[in-house]
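Here the structure is a predicted model, which is why all the values come from computation and not from measurement. Counting from 1, the numbers follow the sequence of the chain as shown.
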Amino acid sequence: MRVIKKIFLLLLFSIFYSQLYSQENLHDFLEKLYTGNYVIDFYCDVLKSGKRDTIHNFSDVYMDREYSDPDYGVVKYKWYDMEMFSMDSIDIRIDDDTNKIDDEYFEISFHGLYIESSSLDKTIEIQFRESVNDDEFSDSFSSLNWKLVRQNRVNTFYFRFDGDYLYVYLNGETDKDLFATFVNMNDETFSQFKNLIANNKCDLSKVTWPRHADGSCDYDGKPKKGGKK
């Protein structure tokens with residue numbers, strides 16, 4: 001009887017520790033995203049070109065828009081107006097009550113994701129359901145294929161870091177499951193990218209290109225040594 005009780009207590013402790021470990025590592029993962037500038041990878045190609053219109057080679061969501069305002073009538077925006085620019089990025093929410101990172105929700109490219117469970121090892125696995133408020137209107141601001149996500153009520157994203165790169169896989173971990181690739185721009189590089197979009201000007205001498213874990217870079221003109229792992 002003592003042996004059975006001991007086994008039961010060890011099993012209970014193991015489950016509790018596993019959940020606690022997962023929660024702590026989920027928070028670390030979200031904090032890493034929060035402290036970085038994770039944007040869709042082709043922004044680097046746009047920045048390197050030195051011409052903001054290059055962005056149209058990668059997606060058609062960057063378009064001029066207009067809205068009806070009850071006070072101002074029809075308001076028109078150019079696609080490069082930064083207050084309306086469709087920034088494909090990962091955004092972490094800060095809880096208004098605790099002023100801490102929300103461990104149950106974050107956004108990828110204008111789409112809210114409610115975390116239902118997580119498992120963290122070499123690959124970060126997060127099961128989520130998409131916000132009910134995310135629909136075709138949200139899709140129009142994102143270069144990603146969210147219709148594919150909405151085929152299921154609950155999905156799993158697999159996140160894999162490779163240096164400054166973050167690969168996001170949907171419901172699988174093979175190349176065909178790759179949903180998006182993000183890069184972490186440092187603050188100065190991100191500032192140069194935003195200046196390029198807003199003013200069609202940038203200073204590439206101030207740019208630090210993202211690197212893979214093996215030290216290789218896709219944008220410095222040297223042969224690429226690494227990629228998706």
Side-chain angles (χ1 to χ4, degrees), residues 21-49 54-55 57-59 86-93 101 103 105-111 113 115 117-128 130 142-146 148-149 155-194 196 202 204 206-229:
Y21 176 80
S22 181
Q23 289 173 350
E24 288 178 345
N25 281 270
L26 174 63
H27 181 82
D28 291 343
F29 167 68
L30 295 175
E31 187 170 32
K32 183 174 183 177
L33 297 181
Y34 177 71
T35 56
N37 301 302
Y38 283 88
V39 296
I40 204 74
D41 60 341
F42 63 74
Y43 285 177
C44 287
D45 297 89
V46 177
L47 180 58
K48 187 173 183 179
S49 76
T54 305
I55 205 167
N57 296 337
F58 297 92
S59 176
S86 302
M87 186 74 74
D88 266 317
S89 61
I90 299 179
D91 298 298
I92 306 302
R93 183 169 69 178
I101 290 175
D103 287 342
Y105 173 92
F106 66 107
E107 293 183 1
I108 294 182
S109 189
F110 305 97
H111 290 68
L113 304 177
I115 299 172
S117 66
S118 63
S119 173
L120 294 94
D121 196 359
K122 183 178 180 180
T123 299
I124 296 133
E125 176 184 340
I126 296 180
Q127 190 177 71
F128 69 92
E130 194 183 8
S142 174
S143 65
L144 304 179
N145 184 8
W146 289 98
L148 184 64
V149 175
N155 292 273
T156 300
F157 269 158
Y158 297 88
F159 298 85
R160 189 174 300 168
F161 286 103
D162 175 21
D164 296 321
Y165 286 74
L166 176 59
Y167 300 112
V168 183
Y169 299 84
L170 177 65
N171 296 326
E173 298 183 72
T174 66
D175 286 350
K176 69 179 180 62
D177 302 311
L178 185 64
F179 181 71
T181 301
F182 291 91
V183 294
N184 184 17
M185 290 184 174
N186 67 19
D187 290 343
E188 180 59 42
T189 302
F190 192 40
S191 177
Q192 291 300 322
F193 173 72
K194 290 188 290 185
L196 176 64
C202 64
L204 293 180
K206 296 181 179 180
V207 168
T208 302
W209 299 113
R211 293 188 174 276
H212 296 279
D214 63 4
S216 63
C217 177
D218 298 343
Y219 301 96
D220 60 2
K222 299 178 182 178
K224 178 181 173 183
K225 294 186 292 182
K228 294 194 292 289
K229 304 296 182 185

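Every side-chain contact (heavy atoms from CB on, under 4.5 Å) that L148 has, sequence neighbours left out, goes to N145, Q151, L170. Evaluation of the side-chain contact (heavy atoms from CB on, under 4.5 Å) rule for F58 yields F42, D45, V46, T54 as partners, not counting sequence neighbours. With sequence neighbours excluded, the residues satisfying side chain to side chain donor-acceptor pair (under 3.5 Å) with E107 are Y105.
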Discussion item. Side chain to side chain contact (heavy atoms under 4.5 Å, CB included) for S191 and M185? Distances and angles first, verdict last.
Written reply: CA-CA 9 Å; S191 177; M185 290 184 174; over 6 Å; no

Worksheet entry | Derivation and outcome, side chain to side chain contact (heavy atoms under 4.5 Å, CB included), residues I108 and W146 | CA-CA 10 Å; I108 294 182; W146 289 98; 3.9 Å; yes

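With T35 contributing its side chain and E31 its backbone, the two residues share a donor-acceptor pair below 3.5 Å. Not one N or O on the side chain of K206 forms a donor-acceptor pair closer than 3.5 Å with the backbone of Q192. In this structure, the side chain of N184 engages the main chain of N37 through a donor-acceptor pair within 3.5 Å.
Interatomic distance, NZ of K32 versus CD1 of I90, reported as 11.5 Å (0.5 Å rounding). Of the inter-residue distances, the one linking R211 atom CZ with D218 atom CG reads 10.0 Å to the nearest 0.5 angstrom. In this structure, the separation between OG on S143 and CD1 on I40 is 4.5 Å, given to the nearest 0.5 Å. Here the CZ-SG distance, from F193 to C44, works out to 8.5 Å after rounding to the nearest 0.5 Å. Rounding to the nearest 0.5 Å places OH of Y38 at 7.0 Å from CG of D164. Atom CZ of R93 sits about 11.5 Å away from atom CG of L30, to the nearest 0.5 Å.
A 4.5 Å side-chain heavy-atom check between L33 and L166 finds at least one atom pair inside the cut-off. Side-chain contact between E188 and T208 is absent, with no heavy atoms from C-beta onward closer than 4.5 Å. Side-chain contact check for D187 versus F190: every heavy-atom pair is 4.5 Å or farther apart. Using a 4.5 Å heavy-atom cutoff, the side chains of F29 and F161 are in contact. Side-chain atoms of L204 and W209, non-hydrogen and from C-beta on, do get closer than 4.5 Å to each other. The closest side-chain heavy-atom distance from Y165 to T181 is below 4.5 Å. Side-chain contact check for V183 versus V39: some heavy-atom pair is nearer than 4.5 Å. Taking 4.5 Å as the limit, every side-chain heavy atom of V207 sits out of range of all side-chain heavy atoms of Y219.
Between the side chains of D177 and N171, no donor-acceptor pair of N or O atoms lies under 3.5 Å.
The two atoms that bring I92 and F106 nearest to each other are CD1-CB, 3.7 Å, heavy atoms only.
Each of F179, Y167, Y169 was evaluated against F157; a single residue qualifies, F179, per the ring-ring contact (aromatic ring centres under 6.0 Å, His included) test.
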